[in-house]
Peer 1: 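The structure that follows is given in the form of structure tokens.
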Amino acid sequence: QVQLVESGGGLVQAGGSLRLSCAASGRTFSSYAMGWFRQAPGKEREFAAGISASGGTRSYGDSVKGRFTISRDNAKNTVYLQMNSLKPEETAVYYCAASTGRALVTSIRGYDYWGQGTQVTVSS
């Protein structure tokens with residue numbers, strides 16, 4: 001069982017930056033691929049970024065490439081999402097997820113554990 005707790009959300013102006021953190025419980029964090037998803041009101045949950053268990057492979061959704069960076073610190077059981085040049089349409093709840101497979105996955109179905117989410121609001 002893995003518990004995930006996101007933090008770092010908040011209100012930011014368009015063009016600003018935020019860094020989200022996701023702290024994981026358990027001693028097997030380094031064996032999990034991790035991902036960030038987001039869900040805006042009335043929309044489906046979408047993939048934002050993912051990272052393999054080792055951190056050697058990363059992937060991003062098309063809309064965030066070049067602006068978001070996912071990273072992980074296995075010693076701290078934490079995964080991060082640095083978000084730059086934020087846009088109002090990126091207002092959403094951002095979720096951290098863990099996959100028991102080591103390989104990076106981009107599909108929601110590939111993840112086994114989810115956090116409660118953190119709200120990100122981008123004002124225009």
Side-chain angles (χ1 to χ4, degrees):
Q1 189 74 12
V2 176
Q3 291 187 327
L4 305 172
V5 179
E6 302 97 334
S7 62
L11 175 65
V12 63
Q13 289 188 332
S17 299
L18 281 175
R19 188 175 84 152
L20 305 182
S21 299
C22 173
S25 65
R27 295 175 291 179
T28 56
F29 175 77
S30 61
S31 66
Y32 295 146
M34 300 295 294
W36 286 97
F37 290 76
R38 62 187 183 184
Q39 187 166 18
K43 295 188 177 181
E44 294 185 352
R45 193 169 298 189
E46 67 171 357
F47 173 77
I51 189 168
S52 62
S54 68
T57 305
R58 309 178 191 191
S59 181
Y60 298 93
D62 288 341
S63 62
V64 309
K65 284 179 181 177
R67 298 184 298 116
F68 288 15
T69 302
I70 188 171
S71 61
R72 65 189 298 158
D73 185 338
N74 285 344
K76 295 182 177 179
N77 281 15
T78 302
V79 62
Y80 305 96
L81 185 67
Q82 177 67 42
M83 306 185 295
N84 298 328
S85 303
L86 283 162
K87 305 173 183 179
E89 56 264 38
E90 294 181 306
T91 293
V93 178
Y94 284 69
Y95 296 92
C96 171
S99 169
T100 54
R102 299 186 65 86
L104 184 154
V105 290
T106 61
S107 169
I108 290 175
R109 291 176 295 179
Y111 288 87
D112 303 286
Y113 302 101
W114 293 83
Q116 293 299 308
T118 185
Q119 177 70 45
V120 172
T121 302
V122 185
S123 64
S124 57

Peer 1: When you measure from the side chain of Gln3 to the backbone N and O of Ser25, does any donor-acceptor pair fall under 3.5 Å?
Peer 2: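 A pair under 3.5 Å: no.
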
Peer 1: For the residue pair Ser31 and Arg102, establish whether any side-chain heavy-atom pair is separated by less than 4.5 Å.
Peer 2: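 Heavy-atom side-chain distance check passes, below 4.5 Å.
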
Peer 1: Okay, side chain of Thr57, backbone of Ser52: is any donor-acceptor separation there less than 3.5 Å?
Peer 2: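 No.
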
Peer 1: Within the 4.5 Å heavy-atom criterion, are Trp114 and Ile108 side-chain neighbours or not?
Peer 2: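 Yes, at least one pair of side-chain atoms sits under 4.5 Å.
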
Peer 1: I need the Glu46 CD to Thr106 OG1 distance, nearest 0.5 Å.
Peer 2: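 So the gap between those two atoms works out to 12.0 Å.
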
Peer 1: Treating Glu6 as the side-chain partner and Gly117 as the backbone partner, does any N or O pair qualify as donor plus acceptor under 3.5 Å?
Peer 2: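 Indeed, once roles are kept as given, a pair shorter than 3.5 Å links the two residues.
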
Peer 1: So for atom CD, which belongs to Glu89, do other residues, nucleotides or ligands contribute more than 12 heavy atoms lying within a distance under 6.0 Å?
Peer 2: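 It does: Glu89 CD has more than 12 such atoms within range.
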
Peer 1: Answer with yes or no whether the hydrophobic clustering places Tyr80 together with Ile51; edges join I, L, V, M, F, W, Y residues whose side-chain heavy atoms lie under 4.5 Å apart.
Peer 2: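 Cluster IDs for Tyr80 and Ile51 differ.
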
Peer 1: If only atom types and distance count, is the side chain of Thr69 paired as donor or acceptor with the main-chain N or O of Gln82 below 3.5 Å?
Peer 2: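 Not confirmed, Thr69 side chain does not pair with Gln82 backbone.
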
Peer 1: When the ring planes of Phe47 and Phe37 are compared, do they come out parallel, tilted or perpendicular, using 30° and 60° as the limits?
Peer 2: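 The rings of Phe47 and Phe37 stand perpendicular, inter-plane angle above 60°.
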
Peer 1: How long is the straight-line distance from SG of Cys96 back to OH of Tyr111, given to the nearest 0.5 Å?
Peer 2: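 Reported value, rounded in 0.5 Å steps: 9.5 Å.
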
Peer 1: Please give me the minimum heavy-atom distance between Val2 and Tyr32, naming the atom from each residue.
Peer 2: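 Taking every non-hydrogen atom into account, CG2-CE1, 3.0 Å.
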
Peer 1: Any side-chain heavy-atom pair from Trp36 and Val79 closer than 4.5 angstrom?
Peer 2: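 Trp36 reaches Val79 side chain to side chain.
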
Peer 1: Verify the neighbour count for atom CD of Gln119: are there more than 12 heavy atoms of other residues, nucleotides or ligands below 6.0 Å?
Peer 2: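 More than 12 within 6.0 Å, yes.
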
Peer 1: For Leu4 and Tyr95, run side-chain contact (heavy atoms from CB on, under 4.5 Å): C-alpha distance rounded to whole Å, both residues' side-chain angles, the deciding distance at 0.1 Å, then the answer.
Peer 2: CA-CA 9 Å; Leu4 305 172; Tyr95 296 92; over 6 Å; no

Peer 1: Give the cluster check for Tyr113 versus Val93: same hydrophobic cluster or not, with ILVMFWY residues linked at side-chain heavy-atom distances below 4.5 Å.
Peer 2: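 In one cluster: no.
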
Peer 1: Would you call Arg38 and Met83 a side-chain contact if the rule is heavy atoms closer than 4.5 Å?
Peer 2: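 No, every pair of side-chain atoms sits at 4.5 Å or beyond.
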
Peer 1: Below 4.5 Å, heavy atoms only, C-beta onward: do Phe29 and Lys76 meet side chain to side chain?
Peer 2: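 No, every pair of side-chain atoms sits at 4.5 Å or beyond.
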
Peer 1: Between the side chain of Ser99 and the main-chain N/O of Gly110, is any donor-acceptor distance below 3.5 Å?
Peer 2: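 Checking the backbone N and O of Gly110 against the side chain of Ser99, a donor-acceptor pair under 3.5 Å is found.
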
Peer 1: State whether the side chain of Thr91 and the backbone N or O of Val122 hold a donor-acceptor pair below 3.5 Å, judged by distance alone.
Peer 2: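 Yes; judged by distance alone, with no hydrogens or angles, the pair exists.
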
Peer 1: How long is the straight-line distance from CG of Asn74 back to CE of Met34, given to the nearest 0.5 Å?
Peer 2: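 The CE atom of Met34 sits 9.5 Å away from the CG atom of Asn74.
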
Peer 1: Got a second to check how far Ser30's OG is from Asn77's CG, nearest 0.5 Å?
Peer 2: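 Between Ser30 OG and Asn77 CG, I get 7.5 Å after rounding to 0.5 Å.
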
Peer 1: At what distance, to the nearest 0.5 angstrom, does OG of Ser7 lie from CZ of Arg19?
Peer 2: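 Ser7 OG to Arg19 CZ: 9.0 Å, rounded to 0.5 Å.
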
Peer 1: Measure from the side-chain N and O atoms of Tyr60 to the backbone N and O of Ile70, and report whether any donor-acceptor pair falls under 3.5 Å.
Peer 2: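 Indeed, once roles are kept as given, a pair shorter than 3.5 Å links the two residues.
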
